[in-house]
Amino acid sequence: MTEFQEKSTVTARESLAGDVFRLTVQAPRIAAAAQPGQFVMVRVGDTLDPLLRRPLSIHQVLPDGGLRLLFKVVGKGTGLLAELGPGRKIDLIGPLGRGFSLAPAGSACLIGGGMGMAPLYFLAQRLLRGKPGPGHDQVLLGARNRAELSLPAAEFSGLGYPLHLATDDGSLGHHGFVPELLDDVLPSVRQVYVCGPYPMMRMVALKCRTAGVACQVSLETHMACGLGVCLGCAVTVAAGGYKHVCKDGPVFAADEVLWKM
Amino acid sequence: MTEFQEKSTVTARESLAGDVFRLTVQAPRIAAAAQPGQFVMVRVGDTLDPLLRRPLSIHQVLPDGGLRLLFKVVGKGTGLLAELGPGRKIDLIGPLGRGFSLAPAGSACLIGGGMGMAPLYFLAQRLLRGKPGPGHDQVLLGARNRAELSLPAAEFSGLGYPLHLATDDGSLGHHGFVPELLDDVLPSVRQVYVCGPYPMMRMVALKCRTAGVACQVSLETHMACGLGVCLGCAVTVAAGGYKHVCKDGPVFAADEVLWKM
Amino acid sequence: MEDVMDRGGVDLRVRIGALHLRNPVLTASGTFGYGRELTAFVNPARLGGIVVKGISLAPRPGNPPPRVVETACGMLNAIGLENVGVERFISDKLPFLRQTGTRVIVNILGDTVEEYGRLAGRLAGVEGIDALEVNISCPNVKKGGVAFGTVPETAAAVTRAVRAAADVPVIVKLSPNVTDIAVIARAVEDAGADAVSLINTLLGMAIDSRSRKPCLANVVGGLSGPAIKPVALRMVWQVARAVAIPVIGIGGIATAEDALEFLLAGATAVQVGTANFYRPWAGEEIIDGIRDFLRQEGEPAVRNIIGQVRVDEQ
Amino acid sequence: MEDVMDRGGVDLRVRIGALHLRNPVLTASGTFGYGRELTAFVNPARLGGIVVKGISLAPRPGNPPPRVVETACGMLNAIGLENVGVERFISDKLPFLRQTGTRVIVNILGDTVEEYGRLAGRLAGVEGIDALEVNISCPNVKKGGVAFGTVPETAAAVTRAVRAAADVPVIVKLSPNVTDIAVIARAVEDAGADAVSLINTLLGMAIDSRSRKPCLANVVGGLSGPAIKPVALRMVWQVARAVAIPVIGIGGIATAEDALEFLLAGATAVQVGTANFYRPWAGEEIIDGIRDFLRQEGEPAVRNIIGQVRVDEQ
Ligand SMILES: Cc1cc2nc3c(=O)[nH]c(=O)nc-3n(C[C@H](O)[C@H](O)[C@H](O)COP(=O)(O)OP(=O)(O)OC[C@H]3O[C@@H](n4cnc5c(N)ncnc54)[C@H](O)[C@@H]3O)c2cc1C
Ligand SMILES: Cc1cc2nc3c(=O)[nH]c(=O)nc-3n(C[C@H](O)[C@H](O)[C@H](O)COP(=O)(O)OP(=O)(O)OC[C@H]3O[C@@H](n4cnc5c(N)ncnc54)[C@H](O)[C@@H]3O)c2cc1C
Ligand SMILES: Cc1cc2nc3c(=O)[nH]c(=O)nc-3n(C[C@H](O)[C@H](O)[C@H](O)COP(=O)(O)O)c2cc1C
Ligand SMILES: Cc1cc2nc3c(=O)[nH]c(=O)nc-3n(C[C@H](O)[C@H](O)[C@H](O)COP(=O)(O)O)c2cc1C
Ligand code: FES
Ligand code: FES
């Protein structure tokens, strides 16, 4: 695997919902090497607070060497990132980690909750490579509300995918959680890809296991390095012991993971 | 003394020499209360690095509630400050400290070296209050080079003051240090105001003592609070013991200070 | 207490032994002067109390400059315990403090065990003092300059001397520069301390590489600010499990979040130090933030969350 | 040494006893993996050396997650000494390290004095190991879990066991969680250590107030990063004056400025830790920065500035 550092220039910043942003940066080397499900480690600014880089999924890769990040402001790092307008610099390391395995035997279902949508768009793009359209593949998306969901939803349908939507407040699509949409579609699906909040992934993983459907999950942990040296990003695996999200993942087979209540 | 906190908006940022900046901010309450020689404590950004506020002299007070700061980038805090364009916010506390005593009996000489010019412009303005012009008052300014000196020099002459200039590289005025210009003018002067690098102030203080001319100096120390609570800003005084630059100063009678070699 | 229920229907009152506080937020010694300096920015009456700058028997001039330097998310200070001495404190500073409407805790220090005792004796009976806080991070002149607070026996001796002479609650302020702070805490508890507060500053140093000189004239100084918060919180947690007397948490507290961590770890109250330098209104903001948190969490009283960190999974 | 004079006409070589280093910049244990992970960003051959992640006799799985959390200008970790064990280290990790062209220092740890000795014995004679670094911040299982490094006698016992079994220089890595680190340093010097390195992490804690749970599953963890630099520098200065063996400075070093402070305080070399996480190339940058500094200051060799902090005014 090859990793790069790039001092990237921000070319666009869009505010989706109030605290959700989409940032486009020029990072041609990372963009060229990126695979769906991989991530970048982002450093905002040169001061010592925040100190560590923040992991963000690669949301989109543009033909001109652009890279898109989709993120929600939840703290200091993402807060500073949201302040960066066009022309500002950010320091990226990537692409990192092991992404999604891309050869589904049969139709796929992509399930994204909240910012878990971020890596799935890139995946959805790549799954279309060398194919006329999404075929029987489909996309399930959930978010807090319409504002957060409408733009990403439009982009997925732009790729031709059939969409099933859910919002916490019912302002768009199903009033409730995404996994609730899964039961209807699961019988026709052979491969599920899921990224979102932990309880949602756990529920999807369970449903897939019961139905005997292959499921890949993209996990989050706190990461100090993203590069495999701190050993901070451990997750407990079903076989006993730990794996490291930044090197062994972030994407794992759902059955590999020891899901906690 | 009344102090205020203001979340001020930057209205203009000008780059003078490469690393010297002039920042104009809206801070009407501080501006209205400010006296020449007083300073503000500036906090740049909300992160914890840099942690403490930085002291900067009040350089100019504008009739519209504007406040000007003149500063050189020497480290992290001033570096971040120099990045703030119009519309950005900075958090100021001021006006702080005891400024210059304003009633010179006889003609005055204002001596500024480098960023020591900052408080002197405000002083020069105030000394003109209720007077048709500067009379026999004059201004001596020194800086590293022409780039750093020309704009401030133009502003002082704009007020009508006769100017004597010196640069370290000889690119404008006398090739050498400001205190060297003092010998010629000292016989006709009754009050010297000086702000600049320590060795320069010490030399001016010595010349004034020898000549029997009153001299006020504006001192710098590291300050944690600027508000009289940390006791970190001590300077050794000739009478023994310490005074605190943020409360007892920053302006002192030159003879009060125990000058060190 | 005037306002039994704090505005907003949340009970913020706490007790440090016999000392009743309106809310658990105090200002730390040496960071809030003698109560008068920051009144442009903070209303002392809203605070749980003010701990004043450390007072000695005789006035002290303090250390030569430079006395402070900023470090990553913190600062070093070597003020050298500059203070006006107990007599001028009583005559010049206490009258203002007395009428602020908040609790006044007097931080005291000495070079010998006897000095501590005499100081406590001098302050006994003086009106307007609600508690003493004993700074035992000072060098023990008779024992070659080793800090009282690093040796259980001397820490206990100071505590006994102060406790015997004082007529108000005695809070002993612990030094973090020790192998096992719980041992010192138990020693001062056994010696009669009504409460402990911790931490004082961590010993640190900075060097200016160009001049090759230490940044502080005193060479070493005390590290404070957000940088030390994890160490302070760990020590508060250890001490709270080791002693039965109330614990006051200090170290890098700048926000309500920070204060809540200390309360959950077992602190009955907290002190805000370095944060006052860059946000003099930090104390009031923290009180408001604690109230908001309790309301959101449906907790009627701050007492309920003290020591409630969930470590049972261990 | 291949390049006697570093590019640029400045002599950066230093000696840690019999261990000759091309330059004084090492990477700290646990922050640079086993040398292979960061080669996309740093050329190991340019470093003074690599200190590998701590190795024990048997492999260790480490602690449950969460294992890391960011704090103000620092981070807490409770990795739990996860490592592949000495056998897999020798078979899987050492071959790569051996051909990087830099010095390889193996950090070792154990639960008992005997384990340390056996580990050193196992590594004796193994080709490609230039020195051992002994992590004595680990809990002493036989003494109720008190860290070896906090008690002079156990620190000395570990040192003796390793020194007796090892055939390369032995560096003992000191814990900062002690009242007087100079006492421990002298104890390990007397026990035969060829050098000391310091500091390991400060014990700290963080709590998530919403969940009321510690941020680390292990409750407490080790604080590292710029936040701890002032404490580390003070301890290096104290130890450098207390022992005759070389001192290696560690703690919050992220820039050449930082490294220079430690060299001036008396460190013969430095280790870069947490900085590798956010700037994997920090080590190389620091080497370049030290060289630039020396050239500007007209110093022909880095040796000349070691311990040259000017505290004579005291
Ligand atoms: C592989 C990976 C990919 C990710 N991709 C995305 C993405 O595409 N879009 C997006 O919005 N977010 C993503 N995240 C989560 C993102 O990294 C965190 O939201 C971010 O680091 C928070 O930083 P902060 O400084 O704003 O918040 P902080 O102030 O550090 O913390 C705020 C809150 O976020 C939690 N948090 C902090 N760091 C992490 C982390 N690494 N993982 C999980 N929670 C954390 C904290 O515990 C705290 O509750 C990803 C995480 C991982 C591990
Ligand atoms: C009353 C007062 C008024 C001042 N007015 C002005 C002004 O109008 N314009 C201007 O350019 N500067 C002024 N200064 C100096 C200014 O405060 C410092 O340059 C600034 O604090 C440096 O901050 P920094 O974060 O950029 O540098 P840092 O990274 O903190 O330090 C860089 C260098 O500056 C030195 N330094 C840091 N803080 C101070 C300080 N408080 N005093 C002196 N040296 C310091 C450091 O030792 C270091 O060598 C004034 C200082 C005082 C005390
Ligand atoms: C400038 C300064 C002066 C201090 N003076 C005293 C003092 O006189 N007595 C005392 O017990 N503690 C003193 N302290 C320690 C603080 O009260 C507090 O314990 C320490 O700073 C940690 O808290 P903080 O991180 O919130 O600042 C001082 C701290 C600072 C920064
Ligand atoms: C994630 C992590 C893992 C560490 N693992 C070890 C280890 O295995 N052995 C050891 O002696 N020190 C270990 N350390 C301590 C570092 O080597 C170093 O002493 C400490 O982090 C201080 O330096 P820093 O502030 O530059 O990080 C570890 C530190 C971190 C942050
Ligand atoms: S984040 Fe450091 S090893 Fe995975
Ligand atoms: S700067 Fe704090 S008292 Fe003067």
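A note on names: the letters A, B, ... follow the listed sequences, proteins ahead of strands, and every chain is numbered from 1.
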Mind ranking Ala147(C), Ser175(C), Pro214(C) by heavy-atom pairs under 4.5 Å with chain D and telling me who comes out on top?
Pro214(C)
Any side-chain heavy atom of Val231(C) within less than 4.5 Å of one from Leu223(D)?
yes
Can you name the residues of residues 204-212 of chain C that have some heavy atom under 4.5 Å away from a heavy atom in chain D?
Gly204(C), Met205(C), Ala206(C), Ile207(C), Ser209(C), Arg210(C), Ser211(C), Arg212(C)
What residues, two or more places apart in sequence or in another chain, satisfy ring-ring contact (aromatic ring centres under 6.0 Å, His included) together with Phe148(D)?
Tyr116(D)
Within residues 138-158 of chain C or reaching into it, pairs that qualify as side-chain hydrogen bond (donor to acceptor under 3.5 Å, both in side chains) - sequence neighbours excluded
Glu114(C)-Lys142(C)
Select one option (side chain, backbone, both, neither) describing which atoms of Leu76(C) are under 4.5 Å from chain D's heavy atoms.
side chain
Pick from Gln308(D), Glu297(D), Gln296(D) with the largest number of heavy-atom pairs that fall under 4.5 Å of chain C
Glu297(D)
All pairs passing side-chain hydrogen bond (donor to acceptor under 3.5 Å, both in side chains) where residues 228-240 of chain D contributes a residue, at least two apart:
Lys229(D)-Asp258(D), Lys229(D)-Glu261(D), Arg234(D)-Gln238(D)
Evaluate Thr179(D) against Asn177(C) for side-chain contact (heavy atoms from CB on, under 4.5 Å), listing each step before the verdict.
CA-CA 5 Å; Thr179(D) 307; Asn177(C) 302 297; over 6 Å; no
Nearest-0.5 Å distance that lies between atom CG in Leu233(D) and atom OG1 in Thr71(C):
11.0 Å
At what distance, to the nearest 0.5 angstrom, does CD1 of Ile228(D) lie from SG of Cys73(C)?
13.0 Å
Look at Ala227(C), Pro226(C), Gly74(C), Pro230(C) and state which one has the largest set of heavy-atom pairs under 4.5 Å with chain D.
Pro230(C)
Side chain, backbone, both or neither: which part of Val309(D) has a heavy atom under 4.5 Å from chain C?
both
Heavy-atom proximity to chain D below 4.5 Å, by part of Ala265(C)
both
